[in-house]
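Inspection log for the structure reproduced underneath, given as structure tokens.
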Amino acid sequence: MTTLNLDDFSDLIERPDGGVRRDAEERRARLAVPAGSLGRLDELAEWLAAAQGRVPVRPIERPRVVLFAADHGIATAGVSARAAGSAHELVRSVLDGTGPVSILAGRFGASVRIVDAALDCDPGLLPEDVVRHRVRRGSGRIDTEDALTREEAEEAIRLGMQIADEEADSGTDLVVLGDLSVGGTTVAAVLVAALCGTDASVVTGRGGQPIDDLTWMRKCAAIRDALRRARPVLGDQVALLAAVGGADVAAITGFLLQCAVRRTPVILDGVVSAACGLVAQRAAFRSPDWWLAGQASGEPGQAKALDRMALNPVLSHGVTVGEGTGALLALPLVQAAAALAAELPERAEPEPKPAD
């Protein structure tokens, strides 16, 4: 197998069609509803039209929630409100239909797919279609050791690329992206701080299940120590993901890049998907044009990452539960934008006055 170089994506990814976006803007100007009266719905419809390469925009008919699941070794440092190695419980709640994302996905007409990249549990606890892609069991504790070997990081990136291809080939027309992890926000904060050149305290948040002050201080210290290990490998995205990432983070990065190659629009959820977006942007600067930020979760690392990618969140409800829930809440707005852009009538042209 050839060595993976993420910089190759820079030549493979094009921007969404700018000409189509201008056509969408011109069509919007002809609609009977006054310009500006639909607020950001117009912007969402034009983004989607450019991604689809057509005017009028097609309705969103096959949205898909894709969740990458993993346990992170850094959770053993006491940085999370959840017990280390318990991410499989989050997966089970989604599979059982009791997780927030399960309930909302059913309401919004989206199917849910879970990919086990590195859960730290017996594979027999979960269905085969969830666990069959597992890269490894858990990951290294990134403040003192690498999360993955380079070979595992490349395998995880290729896994994400494969899932993106499978979704595009199956007709998925919009992806809602999220993660199911324990320790994931700590890993994400390290990546954001490293790529944005900031200190640990600037990006350390309270996580999906809010933590107390003592846990926050342990988390901040872990991020600080991991940052020392991240900085020497900043020039190599694969090495960075191996050193301070994880199999789910590497897979999401590969997924985002390949979705941009396949012209599949993606709604990002929280700080984990935003951090992966930063890594992907470093490899291919045009890739963020294919993504929407579904929500502002309140995590400082997410805000830093979205600002660097020039992505303006659709919603700001402070949803920190994870599972792609915040991004999924933005789906109805994108669907509404597409429906209005496609179905609103154009203004009737005044009849010419009869000649004298």
Side-chain angles (χ1 to χ4, degrees), residues 4-7 70-82 84-85 117-118 120 135-136 138-154 156-157 179 181-208 211-253 270-283 299-309:
L4 190 63
N5 184 358
L6 293 189
D7 290 337
D71 284 289
H72 293 274
I74 194 63
T76 62
V79 298
S80 173
R82 296 187 181 278
D120 188 9
V135 173
R136 59 173 281 170
S139 64
R141 183 173 156 169
I142 60 172
D143 58 339
T144 59
E145 62 182 335
D146 287 349
L148 310 167
T149 66
R150 187 179 182 96
E151 291 74 22
E152 288 168 341
E154 291 191 6
I157 293 167
D179 69 285
S181 64
V182 174
T185 63
T186 302
V187 170
V190 173
L191 290 170
V192 173
L195 292 168
C196 294
T198 58
D199 295 329
S201 60
V202 176
V203 296
T204 305
R206 298 281 175 169
I211 55 179
D212 59 27
D213 290 345
L214 181 59
T215 306
W216 183 89
M217 286 188 285
R218 285 197 297 265
K219 183 175 182 179
C220 194
I223 292 170
R224 179 200 62 212
D225 292 343
L227 265 174
R228 296 194 185 106
R229 305 186 62 258
R231 289 181 178 126
V233 292
L234 272 178
D236 182 338
Q237 292 94 6
V238 178
L240 179 67
L241 291 168
V244 296
D248 58 336
V249 171
I252 292 171
T253 302
V271 65
V272 173
S273 56
C276 297
L278 268 188
V279 180
Q281 182 194 41
R282 176 68 70 97
E299 280 280 317
Q302 185 207 28
K304 196 80 176 172
L306 294 183
D307 181 67
R308 178 62 62 94
M309 294 185 288

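Just so you know, these numbers come straight off a predicted model, no measurement behind them. These values consider heavy atoms only, across backbone and side chains, with no hydrogens, waters or symmetry-generated copies. Position 1 is the first residue of the sequence; numbering continues from there.
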Minimal non-hydrogen separation, [X] against [Y], with atom names:
| X | Y | value |
| --- | --- | --- |
| Glu152 | Arg136 | OE1-NH1, 3.0 Å |
| Leu195 | Arg282 | CD2-NH2, 3.4 Å |
| Pro300 | Gly205 | CD-CA, 3.7 Å |
| Ala250 | Ala156 | CB-CB, 3.6 Å |
| Ala242 | Thr149 | CB-O, 3.9 Å |
| Val190 | Ala230 | CG1-CB, 4.4 Å |

Just how far is it from atom [atom1] of [X] to atom [atom2] of [Y], taken to the nearest 0.5 Å?
| X | Y | atom1 | atom2 | result |
| --- | --- | --- | --- | --- |
| Glu299 | Thr204 | CD | OG1 | 9.0 Å |
| Glu154 | Leu148 | CD | CG | 11.0 Å |
| Leu6 | Ile157 | CG | CD1 | 4.5 Å |
| Ile142 | Ile223 | CD1 | CD1 | 8.0 Å |
| Leu227 | Leu191 | CG | CG | 9.0 Å |
| Asp248 | His72 | CG | NE2 | 3.5 Å |

Quick one: does any side-chain atom of [X] pair with a main-chain N or O of [Y] as donor and acceptor, under 3.5 Å?
| X | Y | value |
| --- | --- | --- |
| Asp120 | Asp71 | no |
| Asp199 | Ser201 | no |
| Arg229 | Val244 | no |
| Glu145 | Arg141 | yes |
| Lys304 | Ala193 | no |

Sort out for me which residue in Thr144, Val187, Val182, Asp225 forms a side chain to side chain contact (heavy atoms under 4.5 Å, CB included) with Ile74. Val187
For Arg150, which of Leu241, Asp236, Leu4 qualifies under side chain to side chain contact (heavy atoms under 4.5 Å, CB included)? Asp236
Validation row: Gln302, Val192 side chains within 4.5 angstrom (heavy atoms): no
Result of checking Asp213, Asp212, Thr215 against Arg206 for side-chain hydrogen bond (donor to acceptor under 3.5 Å, both in side chains): Asp213
